[in-house]
Amino acid sequence: MLTKAPRGSRDILPQDVGQWQFVEGKAADICRVFGYQEIRTPIFEHTELFLRGVGEVTDIVSKEMYTFQDRGNRSLTLRPEGTASVARSYLENKLYGEAQPLKVYYIGPMFRYDRPQAGRYRQFHQFGVEVFGADDPTIDADVMALSMRYFRGLGLNDITMQINSVGCPVCRSEYREVLQEQLKEDVSDLCKDCNDRYEKNPLRILDCKNERCRELTADVPMMADSLCEECAAHFSAVKQAMDKIGEKYVVNPRLVRGLDYYTKTAFEITSSVLGAQSSIGGGGRYDYLLSTIGGPNIPGIGFAIGLERVLLAMDAEKVSIPEANKLDAFVATVGKVCANEALAVTMMLRDAGIAADKDYLGRSLKAQLKFADKKGVRFIVILGDEELSLNKATVRDMKNGTQQSVSMMGLTAHLAALVKEA
RNA sequence: GUGGGUGUAGCUCAGGUGGUUAGAGCACCAGAUUGUGGCUCUGGGGGCCGUGGGUUCGAGUCCCAUCAUCCACCCCA
């Protein structure tokens, strides 16, 4: 136990951290271009925020939260998602007083107590964006387009944007009744899970994978056809906006999202290379979230993308990630050369911006070269008694095995030129 | 929370029906080459066989429990 990360959590090791920096960097890049600024909120919040914000009957709240009492007897919860926290911050800091709309993004860990499986972890990482203070359909398209362009920018191609409208509290509750009425006689025929859904969240029945349930709901009216005038107009305007910018999508009238706060636009991005957990990102509009948690009546929309799943998909699609964080040069010593000499030369190179390191274990030249090779270092600075007596260093290019003697004075400039060329 | 698969070296895995000192490949370290990496050859270090209990003269192997892990369901990213 002592040497094991808790279930569903894992280390991101030095050899893997490059891909994380890559996907996080790309997220920051696209957000800058789209006019979103980063926001960082605490990793835990008052439990109540999630109860009210996400919804008490959702799976996330009812069975997946990491909740604990702190020493002051406050009930706190490790955030299971990002939207509620950002909404809280928006209210607490009165960001509605700033220029609207407010467009923000976040990247960070989320926590859900689930059984781990492929593409699912208890601590996982999301990149998400939120927009407050705009209900224009073009902002819906803005948010959806950002997510798709992010994926394509990473080299992911087997992805699909699915959209739907889940209406507003008024037309949704009407539709809910219509649906229950339609399925009334078939309840006993539905699967066990759908029997629970019938009372709790009948819209979810439409999303069931069970074949029999699919058959029973085949001819049932869809939410998208039962929207009120305002919601229908919004949905159609969103689709037009997407068409206008050439962003492809498929309307999935059975798409339902699991969080209570969604209204109107709901969308989900799926990858065909992921297996059971094919959802790589999802989001939607939440026009009543702010008021639900005690704020003014301000609309919002956002999405969250699962970065572990992004990485999984990139791996499956064989996207190559540019190598980074490599050393430019390695200072090797031979003979009686004082370790301090090597340190001084290494430091001189570093001060010039050349990523350099040296041996710390008193190894043979052979072992040092082997080490440098393993680390993928291209240029080796060899310091021996011979070199020092001439106030020179030998510079070896590991790529082609050539070496030349360079004066100490010109060493930094020489290496800087080589590194720049390489 | 439910169902199934799997736990042997750092990694990937062998170890018919129980039987002596548990193996291989890769990786790691050293030497061949007393100042030169990759390739080759030689040698070396490494194992509470997940953990606890049981059956047995004897358990890596059989039984039970437990933990971990993987996959799926629920749900979600």
Side-chain angles (χ1 to χ4, degrees), chain A residues 1 3-10 13 15 54 57-65 79-83 107-128 147 151 191-197 200-201 204 207-210 255-259 267-271 274-283 302-313 330 332-337 361 363-388 394-403:
Chain A
M1 275 323 234
T3 54
K4 187 82 186 69
R7 181 162 208 204
S9 72
R10 53 182 196 164
L13 300 173
Q15 60 260 37
V54 178
V57 300
T58 60
D59 279 43
I60 290 179
V61 167
S62 62
K63 57 184 209 192
E64 295 172 3
M65 292 209 302
R79 62 182 185 192
E81 58 106 50
T83 304
I107 298 172
M110 305 294 163
F111 305 85
R112 291 184 201 170
Y113 190 87
D114 246 1
R115 282 283 289 268
Q117 72 182 74
R120 175 193 290 161
Y121 307 91
R122 288 183 173 181
Q123 174 175 340
F124 60 103
H125 299 77
Q126 287 188 332
F127 154 45
S147 70
F151 290 130
C191 73
K192 191 174 154 289
D193 290 320
C194 282
N195 264 278
D196 295 338
R197 292 178 181 129
K200 256 172 62 181
N201 191 352
R204 286 222 144 272
D207 217 11
C208 186
K209 290 171 191 166
N210 185 293
L255 176 67
V256 185
R257 312 240 62 237
L259 285 63
F267 61 96
E268 186 167 327
I269 303 101
T270 54
S271 164
L274 281 184
Q277 258 58 48
S278 61
S279 173
I280 195 170
F303 69 68
I305 287 170
L307 294 183
E308 279 81 1
R309 291 181 189 178
V310 165
L311 257 13
L312 245 28
F330 186 85
T333 57
V334 55
K336 298 194 289 279
V337 178
L361 301 177
R363 285 181 287 206
S364 67
L365 177 60
K366 183 185 169 76
Q368 292 179 62
L369 285 173
K370 202 167 176 176
F371 174 81
D373 184 48
K374 219 169 296 169
K375 288 278 184 183
V377 186
R378 174 148 174 203
F379 301 106
I380 312 293
V381 175
I382 301 173
L383 259 33
D385 298 335
E386 229 171 273
E387 282 84 355
L388 286 192
T394 299
V395 175
R396 179 181 179 83
D397 183 342
M398 295 288 267
K399 195 170 174 185
N400 48 36
T402 57
Q403 307 192 166

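Numbers restart at 1 for each chain; the letters A, B, ... are given by sequence-line order, proteins then strands. Predicted model only: the values in this text are computed from it and were never measured.
The backbone N or O of A/Ile60 sits nowhere less than 3.5 Å from a side-chain atom of A/Arg112 that would complete a donor-acceptor pair. Distance alone, capped at 3.5 Å, places no donor-acceptor pair between the A/Glu64 side chain and the A/Asp114 backbone. Side chain of A/Gln123 to main chain of A/Arg10: no donor-acceptor pair is present (N/O by atom type, distance under 3.5 Å, no hydrogens or angles). Remark: side-chain polar atoms of A/Glu81 are not paired, donor with acceptor, to backbone N or O of A/Met110 under 3.5 angstrom.
When all heavy atoms of A/Phe127 and A/Phe303 are compared, the closest pair comes out as O-CE1, 4.0 Å. Listed here is the closest heavy atom pair of A/Arg122 and A/Pro116: NE-CD, 4.2 Å. Scanning all heavy atoms of the two residues, the minimum distance from A/Val337 to A/Leu388 falls at CG1-CD1, 3.8 Å. Taking each heavy atom of A/Phe151 and A/Ile305 in turn, the nearest pair found is CZ-CD1, 3.6 Å.
Within the structure, salt bridge (Lys or Arg N to Asp or Glu O under 4.0 Å) contacts touching residues 364-378 of chain A (residues at least two apart or in different chains) are A/Arg378-A/Asp397.
B/rU36 and B/rA27 are spaced 23 Å apart, taking the C1' atom of each and rounding to whole Å. Spacing between B/rU21 and B/rG60 at atom C1', rounded to whole Å, works out to 15 Å. The separation of B/rU55 from B/rG46, taken at their P atoms, amounts to 35 Å, rounded to a whole angstrom. Comparing the P positions of B/rC74 and B/rU56 gives an interatomic distance of 46 Å, to the nearest angstrom. A distance of about 14 Å separates the P atoms of B/rG45 and B/rA22, rounded to the whole Å. Across the C1' atoms, B/rG52 and B/rG7 are found 15 Å apart, a figure rounded to whole Å. Here, B/rU40 and B/rA72 have their P atoms 39 Å apart, quoted to the whole Å. Rounded to a whole angstrom, the distance from the C1' atom of B/rA9 to that of B/rG44 is 15 Å.
Base pairing in RNA chain B gives the following stems of 3 or more Watson-Crick or G-U pairs, range against range and under 3.5 Å: B:1-7 with B:67-73, B:10-13 with B:23-26, B:28-32 with B:40-44, B:50-54 with B:62-66.
With sequence neighbours left out, A/Arg7 forms a side chain to side chain donor-acceptor pair (under 3.5 Å) with no residue at all.
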How does protein reach along nucleotides 71-77 of chain B, written 5' to 3' as B (base within reach of a heavy atom under 4.0 Å), S (only sugar-phosphate), or - (no contact)?
-> SBBBBBB
Each nucleotide of nucleotides 30-40 of chain B classed B (base within 4.0 Å of a protein heavy atom), S (only sugar-phosphate) or -, in 5' to 3' order, makes S--B-BBBB--
Which protein N or O atoms sit under 3.5 Å from an N or O of nucleotides 46-52 of chain B?
none

Criterion side chain to side chain donor-acceptor pair (under 3.5 Å) on A/Glu387 and A/Thr394, from CA distance to verdict | CA-CA 7 Å; A/Glu387 282 84 355; A/Thr394 299; 2.6 Å; yes
Residue pair A/Val381, A/Phe379: steps toward the side-chain contact (heavy atoms from CB on, under 4.5 Å) verdict = CA-CA 7 Å; A/Val381 175; A/Phe379 301 106; over 6 Å; no
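A distance of 10.0 Å separates CG of A/Leu312 from CD of A/Gln277, quoted to the nearest 0.5 Å.
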